Amino acid sequence: MCLGQRLLGVGKGRASAIMASQRFPVPRLEGVSQEHFMQHLYPQRKPLVLEGIDLGACTSKWTVDYLSQVGGKKEVKIHVAAVAQMDFIKLYLLTSWFRGQLRKNIKNSLFQRMRSTTYGHLGKTPERILTVFLSMQDAADIRKQFPVLEGDIKFPEFFKEEQFFSSVFRISSSGLQLWTHYDVMDNFLIQVTGKKRVVLFSPRDAQYLYLSGTKSEVLNIDNPDLAKYPLFSKARRYECSLKAGDVLFIPALWFHNVIAEEFGVGVNVFWKHLPSECYDKTDTYGNKDPSAASRAAQILDRALKTLAELPEEYRDFYARRMVLHIQDKAYSKNLE
């Protein structure tokens with residue numbers, strides 16, 4: 001451990017209780033250098049909270065009043081969820097939003113995620129939830145969509161500039177919960193102001209999460225319906241609380257569920273862990289599976305259609321053989 005670094009842990013009694021319930025704290029480290037992160041921490045491919053990173057003036061400067069003054073007006077699409085536990089299955093869309101229009105057109109909502117927007121109602125409607133996206137074809141970059149804010153924030157320089165993919169500006173109302181999902185890019189979640197609780201699940205526990213695409217169908221992870229989702233209790237849960245100035249490293253493929261404990265501002269910085277040619281060139285959000293994985297899934301679908309030509313007894317037998325073959329040839333023997 002490098003000089004100036006401090007590992008923040010938990011007591012033995014607390015740790016035992018967490019392990020007994022399959023809940024584990026995300027490690028917290030202070031004073032991590034770029035060299036130490038890249039050589040010793042990054043290769044482990046596990047979540048980590050970094051403290052004491054120089055993020056610039058944003059942690060003190062990005063107040064509601066300040067953002068309201070510099071936000072300006074841009075045409076956006078607004079995604080609205082009627083409840084705090086967002087699933088993005090049902091969306092209400094507006095093609096534009098300007099000061100005064102929000103109260104008139106949308107009821108029972110407030111924003112969670114922003115690429116570009118006006119800030120006329122920040123903090124004035126805390127009981128509401130909505131999501132705002134800038135309508136565009138390129139990946140988000142706060143430095144381009146909000147150039148006036150660029151000088152306020154410093155991204156952790158823990159990856160090469162050519163690996164950069166996007167930076168997503170997020171504003172969250174208290175109590176808003178983002179569904180459990182994974183991204184295919186590595187990710188720094190920078191908590192600029194406010195507090196969040198983040199729950200993560202290992203990629204190796206994907207079989208317990210009842211996936212629909214990149215998302216888990218289990219919306220209420222704190223009180224899940226185990227009659228409907230009985231395997232969910234087997235998923236190991238890693239948890240941390242983020243305060244202003246904290247940076248959470250979320251490795252690609254790690255599932256994460258985020259709840260805002262109070263009104264706050266955050267920025268996600270995504271970068272490519274794999275060579276650029278491995279990713280879908282049409283992906284602007286960082287959530288499309290790598291091209292090879294998509295091709296493999298299509299081949300599997302064709303194989304399953306072929307198996308369907310057999311009687312049930314034979315179909316079951318050869319399907320089990322296929323699963324064993326995949327486990328033998330593709331499952332990693334080096335990961336925990």
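Please read all numbers here as calculations on a predicted model, not as lab measurements.
Residues V32 and L55 share a hydrophobic cluster, clusters being chains of Ile/Leu/Val/Met/Phe/Trp/Tyr side chains in contact below 4.5 Å. Hydrophobic clustering (ILVMFWY, side-chain heavy atoms < 4.5 Å, transitive): I221 and I259 are in distinct clusters. In terms of hydrophobic clustering, with Ile, Leu, Val, Met, Phe, Trp and Tyr side chains grouped at heavy-atom distances under 4.5 Å, V192 and Y66 are assigned to a common cluster. L178 and V49 end up in the same hydrophobic cluster when Ile, Leu, Val, Met, Phe, Trp and Tyr side chains are linked at under 4.5 Å. There is a path of hydrophobic side-chain contacts, each under 4.5 Å, that joins L300 to L310.
Looking only at side-chain heavy atoms (C-beta outward), D289 and V184 come within less than 4.5 Å of each other. P47 has its side chain within reach of P251: a pair of non-hydrogen atoms, C-beta onward, lies under 4.5 Å apart. Between H256 and L248 there is no side-chain heavy-atom pair separated by less than 4.5 Å. L50 is listed as a side-chain neighbour of L48, based on a closest heavy-atom distance under 4.5 Å.
Using a 4.0 Å cut-off between charged side-chain N and carboxylate O, D246 and K196 make no salt bridge. Between D316 and R320 there is a salt bridge, since a side-chain N of the basic residue sits under 4.0 Å from a carboxylate O of the acidic one. A salt bridge does not link E262 with K243: none of the charged nitrogens is closer than 4.0 Å to a carboxylate oxygen.
The only member of F155, W271, F164 that meets ring pair (Phe, Tyr, Trp, His ring centres under 6.0 Å) when paired with F188 is W271. Considering Y182, F201, F232 as possible partners of F255, the one that fulfils the ring pair (Phe, Tyr, Trp, His ring centres under 6.0 Å) test is Y182.
By the 6.0 Å contact criterion, CD on Q207 is enclosed, its count of non-hydrogen atoms from other residues, nucleotides or ligands being greater than 12. Atom CD of E35 is surrounded by 12 or fewer heavy atoms from other residues, nucleotides or ligands within 6.0 Å. No more than 12 heavy-atom neighbours from other residues, nucleotides or ligands sit within 6.0 angstrom of NZ on K195. Within 6.0 Å of CD in E162 there are more than 12 heavy atoms belonging to other residues, nucleotides or ligands. For Q39, the CD atom sits in a packed shell: over 12 heavy atoms of surrounding residues, nucleotides or ligands are nearer than 6.0 Å.
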Subject >> Worked check of ring pair (Phe, Tyr, Trp, His ring centres under 6.0 Å) between F249 and Y42 >> reply: CA-CA 9 Å; F249 169 52; Y42 189 63; 5.7 Å; yes
Original post:
For Q163 and D186, what are the C-alpha separation, side-chain angles and deciding distance, and is it a side chain to side chain contact (heavy atoms under 4.5 Å, CB included)?
Top reply: CA-CA 10 Å; Q163 293 177 282; D186 286 340; over 6 Å; no
Subject >> Verdict with reasoning, L149 to W62, per side chain to side chain contact (heavy atoms under 4.5 Å, CB included) >> reply: CA-CA 9 Å; L149 299 178; W62 285 6; 3.8 Å; yes
**OP:** Give the C-alpha distance, both sets of side-chain angles, the deciding distance and a yes or no for salt bridge (charged side-chain N to carboxylate O under 4.0 Å, His left out) between R237 and D205.
**Re:** CA-CA 10 Å; R237 173 175 171 146; D205 284 348; over 6 Å; no
Subject >> Check against side chain to side chain contact (heavy atoms under 4.5 Å, CB included), L29 and L41 >> reply: CA-CA 10 Å; L29 285 173; L41 302 175; 3.6 Å; yes
Original post:
Step by step, would you call D280 with S291 a side-chain hydrogen bond (donor to acceptor under 3.5 Å, both in side chains)?
Top reply: CA-CA 5 Å; D280 189 323; S291 300; 5.5 Å; no
Original post:
Is there a side chain to side chain contact (heavy atoms under 4.5 Å, CB included) between Q177 and N257 once you walk through the steps?
Top reply: CA-CA 7 Å; Q177 189 167 11; N257 180 291; 2.8 Å; yes
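Shortest non-hydrogen contact noted between D54 and G56 is OD1-N, 3.1 Å. Contact between L211 and E217 at its shortest, heavy atoms only, is O-OE2, 4.3 Å. Minimum interatomic distance between F263 and S173 (heavy atoms only, all atoms of both residues): CD1-CA, 4.3 Å. The nearest pair of heavy atoms linking S332 to R204 is O-NH1, 3.6 Å. Minimum heavy-atom separation, K228 to Y210: O-CE2, 4.3 Å.
Not a single donor-acceptor pair under 3.5 Å links the side chain of D225 to the backbone N or O of Y229. At distances below 3.5 Å, not a single donor-acceptor pair connects side-chain atoms of D183 with backbone N or O atoms of M185. With hydrogens and angles ignored, the 3.5 Å screen pairs no side-chain donor or acceptor of T59 with any backbone N or O of A244. Using modelled atom types, one side-chain atom of S167 and one backbone atom of I142 make a donor-acceptor pair closer than 3.5 Å. Listed for the Q145 side chain is no donor-acceptor partner under 3.5 Å among the backbone atoms of P147.
Here CD1 of I53 is found 10.5 Å from CD of Q34. Values are rounded to the nearest 0.5 Å. If you take NE2 on H325 and CZ on R321, they are separated by 9.5 Å, rounding to the nearest 0.5 Å. Rounded to the nearest 0.5 Å, atoms NZ (K305) and CZ (R302) are 9.0 Å apart. The CZ atom of F146 lies 12.5 Å from the CG atom of D152; values are rounded to the nearest 0.5 Å. Here CD1 of I250 is found 6.5 Å from CG of N268. Values are rounded to the nearest 0.5 Å. The structure places CD of E277 at 10.0 Å from OH of Y279, a figure rounded to the nearest 0.5 Å.
The aromatic rings of H181 and W179 sit tilted relative to each other, their planes meeting at an angle between 30° and 60°.
In this structure, F159 has its ring center at least 6.0 angstrom away from the ring center of F165.
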